[in-house]
Amino acid sequence: MNKISSAFEGHKAFVAFLTGGDPDIETTEKLIVAMAASGADVIEIGIPFSDPVAEGVVIQGADERALAAGVTVDKLFQMVKRVREKIAIPLLFMTYINSIFAYGKERFLAQCADCGISGVIVVDLPYEEREELASACAKYGICQIFMIAPTSRERVETIAKGSEGFLYCVSSLGVTGVRSNISMDVAGLIEQAKSVSSTPCAVGFGISTPEQARQMAAISDGVIVGSAIVKLIAEHGRQSVEPVAAFVKEMKRAI
């Protein structure tokens, strides 16, 4: 069992997302350490991108702020290396394939391994095109984490069989963002995936309250929260460490 899957062992996992470099690299570093201390089992670090097609306005805004603050992929690698000395939980990069190609996929994945990244979620890389990164991921021991959604239908079992770390189950159609209601149709999606794979299934997109987290944890192996955390960071800026830590504790208790 790999390090990411191990984070789901024996309990429901809380997977927290933040945008790297928002509002600056130093605050991101403090936030990651605080989230880990507050109960996050896995942390996804979004690499800011100029055209984040899967993101709603909250994370789009974070990407814009981070890019305006001068964040680069190299700065994120350096930050992760520093953080890795302080925490043991799995760290992931969530990114788009253009960012990896621009950096050089071999170089990118070698740097991931060197700084302590355990896996990558490439939002716009379809499962059918996984071979673009598969050999380099295998070479450097980086898990490729894939997404399934209510529209995946007959592809769910194929993707589930080939998944590593955990399977990212998108709870609803559309882009990321806080939602007042989350469809329970995701339960069928998870049941279908579980019929062919033992890889943990975590639900993301739209979860923002303890009650939503509790509901999604009841039908899955864990929950993923991003926009609600990024929204707190947008509101509090460099003073966001304490409110984010408190929110993570609350959500972890809920699941």
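One-based numbering along the sequence shown.
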*Quick one: do L133 and V122 satisfy side chain to side chain contact (heavy atoms under 4.5 Å, CB included)? Show the steps, please.*
CA-CA 10 Å; L133 300 179; V122 185; 3.7 Å; yes
_For the OG atom of S99 and the CG atom of D124, what is their distance to the nearest 0.5 Å?_
8.5 Å
*Of the non-hydrogen atoms in C201 and K194, which two are nearest, and what is the gap between them?*
SG-CE, 4.1 Å
*Does R155 use its side chain to pair, donor to acceptor, with the backbone of S152 at less than 3.5 Å?*
no
*asked:* Please give me the minimum heavy-atom distance between V120 and C137, naming the atom from each residue.
replied: CG2-SG, 4.3 Å
*Distance-minimising heavy-atom pair for L31 and V241*: CD2-CA, 3.7 Å
*asked:* Assess whether a salt bridge exists between E26 and R238, defined as any Lys/Arg side-chain N lying under 4.0 Å from an Asp/Glu carboxylate O.
replied: no
*asked:* Using side chain to side chain contact (heavy atoms under 4.5 Å, CB included), reason through I159 and M147 one step at a time and then give a plain yes or no.
replied: CA-CA 8 Å; I159 297 170; M147 293 177 155; over 6 Å; no
*Should M35 and I89 count as side-chain neighbours, where that means a heavy-atom distance under 4.5 Å?*
no
*Heavy-atom pair of closest approach, residues D22 and A62*: OD2-CB, 3.3 Å
*Quick check: does any side chain N or O of D221 sit under 3.5 Å from a backbone N or O of A13, one acting as donor and the other as acceptor?*
no
*Under the side chain to side chain contact (heavy atoms under 4.5 Å, CB included) rule, what do V248 and V244 come out as? Steps first, then yes or no, please.*
CA-CA 6 Å; V248 170; V244 167; 4.3 Å; yes
*Would you call D24-K75 a salt bridge at under 4.0 Å N-O?*
no
*Would you call P48 and L67 a side-chain contact if the rule is heavy atoms closer than 4.5 Å?*
yes
*Side chain to side chain, V223 and V15, heavy atoms closer than 4.5 Å*: no
*Would you indicate whether E242, at its atom CD, is surrounded by more than 12 heavy atoms from other residues, nucleotides or ligands within a distance under 6.0 Å?*
no
*Any side-chain heavy atom of L92 sitting closer than 4.5 Å to one from I121?*
yes
*Among V170, L189, V186, T158, find the one that has a side chain to side chain contact (heavy atoms under 4.5 Å, CB included) with I148.*
L189
*asked:* Using 30° and 60° as the class boundaries, would you call the ring planes of F108 and F93 parallel, tilted or perpendicular?
replied: tilted
*Near Q239 CD, under 6.0 Å, is it more than 12 heavy atoms from other residues, nucleotides or ligands?*
no
*Could you tell me whether Y168 and F146 have their ring centroids closer than 6.0 angstrom?*
no
*Would Q111 and Y140 count as having a side-chain donor-acceptor pair, cut-off 3.5 Å?*
no
*Pairwise side-chain contact, V80 with F77, heavy-atom cut-off 4.5 Å (strictly under)*: no
*How far does OH of Y96 sit from CZ of F101, to the nearest 0.5 angstrom?*
15.5 Å
*Would you find a donor on one side and an acceptor on the other, under 3.5 Å apart, between the side chain of K3 and the backbone of A88?*
yes
*Would you confirm whether R130, through its side chain, and P126, through its main-chain N or O, come within 3.5 Å as a donor-acceptor pair?*
no
*Does any non-hydrogen side-chain atom of T19 lie less than 4.5 Å from one of F49?*
no
*asked:* Is the shortest side-chain heavy-atom distance between R82 and I25 below 4.5 Å?
replied: yes
*Point-to-point distance, once rounded to the nearest 0.5 Å, from OG of S195 to CD of E157*: 4.5 Å
*About how many Å separate SG of C112 and CG of L91, when rounded to the nearest 0.5 Å?*
11.0 Å
_Heavy-atom pair with the smallest gap, counting every atom of A213 and M251_ = CB-CE, 3.8 Å
*Taking C-beta and beyond as the side chain, do V203 and I224 meet within less than 4.5 Å on heavy atoms?*
no
_Show, in sequence, the C-alpha distance, side-chain angles and deciding distance for K139 and L109, and conclude whether the side chain to side chain contact (heavy atoms under 4.5 Å, CB included) test is met._
CA-CA 9 Å; K139 178 178 178 180; L109 291 161; over 6 Å; no
*Backbone N or O of M216 within a donor-acceptor pair of the S220 side chain at under 3.5 Å?*
yes
*asked:* Hydrogens and angles aside, do S208 and Q212 bring a side-chain donor and acceptor to less than 3.5 Å of each other?
replied: yes
Could you give the side-chain donor-acceptor pairs of residues 39-47 under 3.5 Å, partners two or more places apart or in another chain?
unit_1: D41; atom_1: OD1; unit_2: H11; atom_2: NE2; d: 3.1
unit_1: D41; atom_1: OD1; unit_2: K252; atom_2: NZ; d: 3.4
unit_1: D41; atom_1: OD2; unit_2: F14; atom_2: N; d: 2.8
unit_1: D41; atom_1: OD2; unit_2: K252; atom_2: NZ; d: 2.6

*Working to the nearest 0.5 Å, report the span between CD1 of I59 and NZ of K231.*
12.5 Å
*asked:* Strictly distance-based, threshold 3.5 Å: is any side-chain N or O of R214 a donor or acceptor partner for the main-chain N or O of A217?
replied: no
*Crowding at NZ, K105 (>12 non-hydrogen neighbours, <6.0 Å)*: yes
*Check whether any side-chain N or O of Q192 sits under 3.5 Å from a backbone N or O of R153 as a donor-acceptor pair, and report yes or no.*
yes
_Donor-acceptor pair, side chain of K12 and main chain of I255, under 3.5 angstrom_ = no
_So does A160 get a backbone contact from the side chain of S197, meaning a donor-acceptor N/O pair under 3.5 Å?_
yes
*Taking T28 for the side chain and G21 for the main chain, is one N or O donor matched with an acceptor at less than 3.5 Å?*
yes
*Non-hydrogen atoms of E164 and T199 that approach each other most closely*: C-CG2, 4.4 Å
*Look up atom SG in C143 and atom CG in N2, then write down how far apart they are to the nearest 0.5 Å.*
4.0 Å
